[in-house]
Number of protein chains: 2
Amino acid sequence: MSSPVRLLLADDEHLIRGALAALLSLEDDLLVVAEAATGPEALAMARAHAPDVAVLDLQMPGADGVRVATSLRAELPDCRVLIVTGHGRPGHLKRALAAGVRGFVPKTVSAQRLAEIIRTVHAGNRYVDPELAADAISAGDSPLTAREAEVLELAADGAPVTEIAERAALSPGTVRNYLSSAVTKLGAENRHTAVRLARERGWV
Amino acid sequence: MSSPVRLLLADDEHLIRGALAALLSLEDDLLVVAEAATGPEALAMARAHAPDVAVLDLQMPGADGVRVATSLRAELPDCRVLIVTGHGRPGHLKRALAAGVRGFVPKTVSAQRLAEIIRTVHAGNRYVDPELAADAISAGDSPLTAREAEVLELAADGAPVTEIAERAALSPGTVRNYLSSAVTKLGAENRHTAVRLARERGWV
DNA sequence: CACCCCGCATGACAAATGTCAGAAGGCCGA
DNA sequence: TCGGCCTTCTGACATTTGTCATGCGGGGTG
């Protein structure tokens with residue numbers, strides 16, 4: 001047999017990360033060489049250990065999985081990235097693929113499946129959970145322009161228009177226009193439902 | 001040594017549940033006798049296997065951990081309940097304790113710690129994560145009246161006042177008054193940030 | 001019983017928000 | 001080069017919120 005697949009595991013929940021490390025170590029062609037709890041930590045660990053495959057949680061403090069994947073792609077092009085996620089939003093998948101991620105799976109898979117998928121990814125193939133893929137396709141592309149999405153994101157935590165305008169360095173009137181067009185494009189009643197809809201589709 | 005502690009594991013993420021089961025099985029005084037992926041399933045499994053300790057995820061489809069705990073308390077008073085959660089909101093802890101839960105820990109603990117805590121809970125003691133406990137104490141009690149909380153909850157998804165009024169069978173003016181007082185009590189800028197704050201503190 | 005708080009309501013006012021029209025400059029593809 | 005789209009702005013308007021004063025009835029507590 002050839003040398004084992006060297007893995008980096010990143011997940012902020014110690015319980016999951018530890019358990020996963022233990023389970024994957026049972027497979028004798030897999031070897032966990034590093035663990036991380038945050039985005040930056042994952043990056044540092046990757047630099048230090050140059051793993052074959054990085055298994056990243058999508059939601060982590062610091063920088064999310066996709067962001068880490070982007071940096072990784074630049075710094076360690078040989079390191080394949082596999083993203084695991086609790087609740088898979090359609091848009092995240094698209095972003096992940098755009099960032100050069102090779103695999104995207106929900107946490108509902110079993111450890112056996114995950115081990116197989118790690119091997120698939122390591123072999124240079126891609127793997128995307130069929131259900132998530134179907135969701136992503138049916139959700140379609142975002143109808144929002146870059147600015148509309150940006151302004152909508154700034155509106156996410158309920159900030160008033162003046163604050164959004166400040167943070168986006170735009171005139172308040174412009175902000176309201178973008179918000180208005182985003183709301184109509186999404187078929188929402190107001191900016192807040194618009195934010196929710198965009199979130200659900202992964203467009204923010 | 002006495003007979004092992006019989007465990008029920010409930011978590012909707014197969015990956016975590018399986019990994020956890022494997023890890024806890026390594027401890028020779030712990031025995032996983034049942035697993036479940038949803039609230040109702042957890043309940044059915046508990047009835048069928050009468051475990052000593054039920055380890056429940058807080059967020060599960062069907063019925064959340066606290067709901068399951070309440071039912072369990074009535075049907076199987078001898079079954080101790082331990083809740084594990086990803087993001088621990090202060091209010092959840094309070095609700096859980098009120099439901100007779102014996103332990104409450106975040107998923108950031110290690111499997112070793114979890115095993116110890118399971119033993120603690122099985123021995124009849126309680127265990128609450130110190131950090132979560134501190135949060136809960138500092139967050140204090142909800143300053144909202146029942147109606148204020150109700151209206152705030154209905155406002156959560158960005159519905160306009162008229163719709164909230166309809167759904168709550170209240171006059172629109174009354175709704176606005178409740179919203180207004182909730183907003184001032186929470187020190188928020190508007191209803192939406194108020195909803196977010198109340199969510200963070202577990203008051204909705 | 002008087003008092004106070006809560007639930008519920010109304011009315012009025014100021015501020016924020018949603019919507020529309022119009023206009024200027026930049027960039028890109030036909 | 002022209003038309004179309006995106007970005008950015010302004011001004012005006014209707015609607016929705018947020019806030020406050022005030023009123024009435026009910027359920028406790030002292």
Side-chain angles (χ1 to χ4, degrees), chain A residues 91 94-95 98 139-204, chain B residues 91 94-95 98 139-204:
Chain A
K94 199 160 293 190
R95 273 201 308 140
D141 266 356
S142 170
L144 304 174
T145 69
R147 288 299 142 133
E148 283 164 0
E150 184 189 337
V151 169
L152 203 56
E153 199 157 9
L154 288 171
D157 49 356
V161 171
T162 54
E163 194 181 313
I164 301 173
E166 235 173 78
R167 294 218 270 163
L170 287 175
S171 141
T174 307
V175 169
R176 294 201 289 162
N177 286 341
Y178 281 150
L179 247 21
S180 182
S181 80
V183 164
T184 50
K185 277 180 182 175
L186 295 175
E189 295 188 320
N190 55 46
R191 69 167 84 175
H192 304 285
T193 62
V195 167
R196 196 163 45 76
L197 287 173
R199 277 263 158 81
E200 281 170 14
R201 292 166 170 71
W203 290 338
V204 288
Chain B
K94 200 160 293 189
R95 275 201 307 139
D141 267 355
S142 170
L144 304 174
T145 69
R147 287 300 140 121
E148 284 164 359
E150 185 190 335
V151 170
L152 203 56
E153 199 157 10
L154 287 171
D157 50 355
V161 171
T162 54
E163 194 181 314
I164 301 172
E166 236 174 77
R167 294 216 273 163
L170 287 175
S171 143
T174 307
V175 169
R176 291 202 286 160
N177 286 341
Y178 283 151
L179 247 22
S180 181
S181 79
V183 164
T184 50
K185 278 180 181 175
L186 295 176
E189 294 189 324
N190 54 45
R191 69 169 80 176
H192 304 285
T193 62
V195 166
R196 196 163 46 76
L197 287 173
R199 277 264 158 81
E200 281 169 13
R201 291 166 170 70
W203 290 339
V204 288

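Atoms considered below: every heavy atom in the structure, side chains included; atoms not considered: hydrogens, waters and symmetry mates. A quick note: this is a predicted structure, and the numbers were derived from the prediction, not measured. The sequence lines fix the lettering, A, B, ..., with proteins before strands; numbering per chain opens at 1.
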Inset, instruction - For residues B:Gly158 and A:Asn190, report the shortest heavy-atom separation together with the two atoms involved. - result: O-ND2, 2.7 Å
Inset, instruction - Using a 4.5 Å cut-off on heavy atoms from C-beta on, say whether the side chain of A:Glu153 contacts that of A:Glu150. - result: no
Inset, instruction - Measure across B:Pro160 and A:Glu189 and return the closest heavy-atom pair with its distance rounded to 0.1 Å. - result: CD-OE1, 3.1 Å
Legend entry - Nearest-Å distance for atom pair OH/C1', residues B:Tyr178 and D:dT17: 18 Å
Legend entry - Bend angle of the helix from C:dC1-D:dG30 to C:dA30-D:dT1, from helix axes over five pairs at each end, nearest 10°: 30°
Inset, instruction - Classify every nucleotide of nucleotides 19-25 of chain C by which part a protein heavy atom approaches to under 4.0 Å, writing B for the base, S for the sugar-phosphate alone and - for neither, in 5'-to-3' order. - result: BBB----
Inset, instruction - Considering non-hydrogen atoms only, spot the tightest contact between A:Ser171 and A:Ala165 and give its length. - result: C-CB, 4.1 Å
Legend entry - Short side-chain N/O contact to C:dC8 OP1/OP2 from B:Arg147, under 4.0 Å: yes
Legend entry - Distance test, side-chain N/O of B:Thr174 to OP1/OP2 of C:dA9, below 4.0 Å: yes
For residues 179-186 of chain B, which side-chain donor-acceptor pairs fall under 3.5 Å, sequence neighbours excluded?
unit_1, atom_1, unit_2, atom_2, d
B:Ser181, OG, B:Glu148, OE2, 2.6
B:Ser181, OG, B:Tyr178, O, 3.1
B:Thr184, OG1, B:Ser180, O, 3.2
B:Thr184, OG1, B:Ser181, O, 2.9
B:Lys185, NZ, B:Pro143, O, 3.2
B:Lys185, NZ, B:Glu148, OE1, 2.8
B:Lys185, NZ, B:Glu148, OE2, 3.1

Legend entry - Members of residues 150-165 of chain B that approach DNA chain C, where some heavy atom sits under 4.0 Å away: none
Legend entry - Qualifying salt bridge (Lys or Arg N to Asp or Glu O under 4.0 Å) pairs, either residue in residues 168-181 of chain A, two or more places apart: none
Legend entry - Any residue meeting side chain to side chain contact (heavy atoms under 4.5 Å, CB included) with B:Glu166, in chain and number order, not counting sequence neighbours: none
Inset, instruction - State which of D:dT7, D:dT10, C:dC8 makes the closest approach to the side chain of A:Ser171. - result: D:dT10
Legend entry - Partners passing side chain to side chain contact (heavy atoms under 4.5 Å, CB included) against B:Arg196 (at least two apart in sequence or in another chain): A:Asp157, B:Thr193, B:Glu200
Inset, instruction - List the steps and the verdict of side chain to side chain contact (heavy atoms under 4.5 Å, CB included) for A:Val151 and A:Leu170. - result: CA-CA 10 Å; A:Val151 169; A:Leu170 287 175; 4.2 Å; yes
